[in-house]
There are 2 protein chains.
Amino acid sequence: MQKLNFTPTGNLSDELVDQIRTMIVDERLPEGQRINEVHLAEQLGISRTPLREALTRLISEGALEAIPRRGFFVKALSIEEVNDIYPIRALLDPEALALSGLPNAEQMQYLNQLNQAILAETEPFNIIALDDAWHLALIQNCPNKVIFDLIHQFMLRTRRYEYGLMKSKDNVNTAIEIHQAIMDALEAGDLPAACQALKENMEHGRKPIVQWLQSRDSETGGTS
Amino acid sequence: MQKLNFTPTGNLSDELVDQIRTMIVDERLPEGQRINEVHLAEQLGISRTPLREALTRLISEGALEAIPRRGFFVKALSIEEVNDIYPIRALLDPEALALSGLPNAEQMQYLNQLNQAILAETEPFNIIALDDAWHLALIQNCPNKVIFDLIHQFMLRTRRYEYGLMKSKDNVNTAIEIHQAIMDALEAGDLPAACQALKENMEHGRKPIVQWLQSRDSETGGTS
DNA sequence: TAATTACATACTGTATACAGTATGCAAAAA
DNA sequence: TTTTTGCATACTGTATACAGTATGTAATTA
């Protein structure tokens with residue numbers, strides 16, 4: 001039962017990383033859960049070797065942790081991590097935007113399209129993917145590829161947190177409005193204002209997530 | 001020929017990552033080189049499975065890259081990467097120091113000891129390790145663990161560049177003087193000045209590396 | 001002589017086998 | 001009834017086997 005018998009590009013573990021990350025984000029693999037390699041491997045239709053290579057990569061991404069001789073575990077969501085990461089993005093994202101400069105007309109149109117697509121989308125997982133795409137499109141001209149990749153990495157790392165959040169339409173609408181404000185500044189040709197708005201976006205994006213985590217932690221159980 | 005037959009903590013690949021990174025830094029594995037897994041595995045006295053897991057991790061660190069069906073390659077040193085990373089550290093390090101606050105007397109003494117140890121050391125590899133240790137000690141109180149880890153990651157990633165540089169005693173002395181200037185500001189209780197000095201340190205640290213790379217690239221061959 | 005094709009070799013990517021440790025349960029003793 | 005100890009089971013970590021692709025060389029043809 002091979003997944004794909006035409007694999008001209010990429011290895012099995014490449015696709016596995018995306019697949020397993022998605023399972024962690026949508027909580028099919030809930031936080032704290034121990035990964036049973038044999039079970040997961042046969043569930044995914046592959047052997048343990050490429051699976052372990054994928055799990056190893058997800059440790060670097062911060063989605064998993066390993067305890068020697070005990071195995072891989074899904075990392076717990078933590079308020080500390082949110083409080084740490086969002087201020088970093090408040091530093092990195094505006095810097096990336098400043099380095100990128102103003103987007104051209106075509107790029108502006110694409111940003112608008114994405115923002116409207118977010119409005120139309122109802123599936124939380126897709127909303128997050130579109131939101132991330134918007135933020136990446138904003139800095140697509142960034143000449144500093146390391147910053148770009150770093151931001152991309154943090155996006156993947158915070159998807160688990162935003163997944164819980166984006167179930168509420170209120171938070172989605174807020175995000176759309178902030179995007180609009182940034183785009184307004186860009187269309188006015190005011191790059192510093194756009195950077196400032198982006199910085200505030202990141203600083204304020206932290207708060208509702210922390211609140212959600214706190215309310216979640218005060219409950220004992222959760223609905224599946 | 002086992003490396004250690006008492007491994008109560010940690011897996012083989014944990015130690016392999018450090019070992020192979022060192023081989024890349026000191027150019028036993030030169031840039032661009034294709035990694036022969038069979039050869040390297042038997043050279044290190046282990047099998048290909050844990051080796052491949054270690055190599056996978058070193059891709060995340062930026063030391064290697066993988067081409068499907070071709071294998072792992074040591075990433076080439078690039079001026080672009082240096083130009084990208086040092087401005088990021090000029091952003092992150094001062095922020096981490098600001099969050100850390102002033103070090104206490106004991107910590108100041110440790111910073112002084114490290115700086116003197118750098119002066120006494122002659123081996124480039126050790127100089128870099130001490131320099132990194134100094135910069136980490138500077139921000140050891142940083143409450144933002146993600147920034148701390150990020151800086152640590154960038155240190156490992158830039159060791160290859162600094163190894164070429166630290167062969168010149170001039171550059172070592174410059175580093176020591178800058179450390180001293182930062183410590184002077186700290187002992188005066190002026191945290192903002194220390195952050196500013198650290199920022200300038202990072203911004204200026206980039207230049208000699210780029211110059212070294214340019215002069216190196218204009219030569220055809222190199223001494224072993 | 002230069003170019004192209006066919007073949008032998010080597011290496012990667014994946015699966016599987018094996019060894020050693022952790023875990024949970026049952027039985028026995030206090 | 002509670003605690004402790006021994007054993008069976010399950011799972012991780014590592015080694016090895018196998019399949020398929022890339023690579024280099026030699027032979028053949030233009």
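Order of the sequence lines sets the chain letters (A, B, ...), proteins ahead of strands, with each chain counted from 1. The structure displayed is predicted, hence computed values, not measured ones. Atoms considered below: every heavy atom in the structure, side chains included; atoms not considered: hydrogens, waters and symmetry mates.
Ionic pairing of R216(B) and E31(B) is present here: one or more N-O contacts between side-chain nitrogen and carboxylate oxygen are shorter than 4.0 angstrom. Taking a cutoff of 4.0 Å between a charged side-chain nitrogen and a carboxylate oxygen, D26(A) and R21(A) do not qualify as a salt bridge.
Residues forming a ring-ring contact (aromatic ring centres under 6.0 Å, His included) with H179(A) (at least two apart in sequence, or on another chain): W134(A), H135(A). E53(A) meets the side chain to side chain donor-acceptor pair (under 3.5 Å) test with R52(B); sequence neighbours excluded. Under the salt bridge (charged side-chain N to carboxylate O under 4.0 Å, His left out) criterion, D93(A) pairs with R89(A), sequence neighbours left out. By the salt bridge (charged side-chain N to carboxylate O under 4.0 Å, His left out) test, E27(A) is found to be paired with no residue, residues two or more places apart in sequence or in another chain being considered.
Per the geometry, CG belonging to L40(B) stands 13 Å off P belonging to dC11(C), to the nearest Å. Distance, E42(A) CD to dA10(D) C1': 13 Å, rounded to whole Å. When the C1' atom of dA15(D) is taken as reference, atom CG of N11(B) falls 15 Å away, rounded to whole Å. Whole-Å rounding puts the Q43(A) CD to dC11(D) P distance at 14 Å. Put simply, CG on L12(B) is 11 Å from C1' on dA15(D), counting in whole angstrom units. Whole-Å rounding puts the F72(A) CZ to dA10(D) C1' distance at 17 Å. What separates CG of L55(A) from P of dT14(C) is a distance of 14 Å, to the nearest Å. Rounded to an integer number of Å, the gap from CG of N36(A) to P of dA22(C) is 17 Å.
Within the structure, every pair that satisfies the salt bridge (Lys or Arg N to Asp or Glu O under 4.0 Å) test and touches residues 132-154 of chain B, not counting sequence neighbours, is listed here: D132(B)-R159(B).
Distances shown here put every side-chain N or O of R69(B) at or beyond 4.0 Å from the OP1 or OP2 atom of dG13(C). OP1 or OP2 of dC11(D) has not a single side-chain nitrogen or oxygen of R34(A) nearer than 4.0 Å.
When distances run from any side-chain atom of E37(B) to the nucleotides dT23(D), dT14(D), dT12(C), the shortest one goes to dT12(C).
Within 4.0 Å (heavy atoms only), I35(B) reaches sugar-phosphate atoms of the nucleic acid but no base atom. No engagement by L51(A) is indicated, since no non-hydrogen atom pair under 4.0 Å with the nucleic acid exists.
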Between protein and nucleotides 16-18 of chain C, what N or O pairs are separated by less than 3.5 Å?
unit_1: dT16(C); atom_1: O4; unit_2: T49(A); atom_2: OG1; d: 3.2

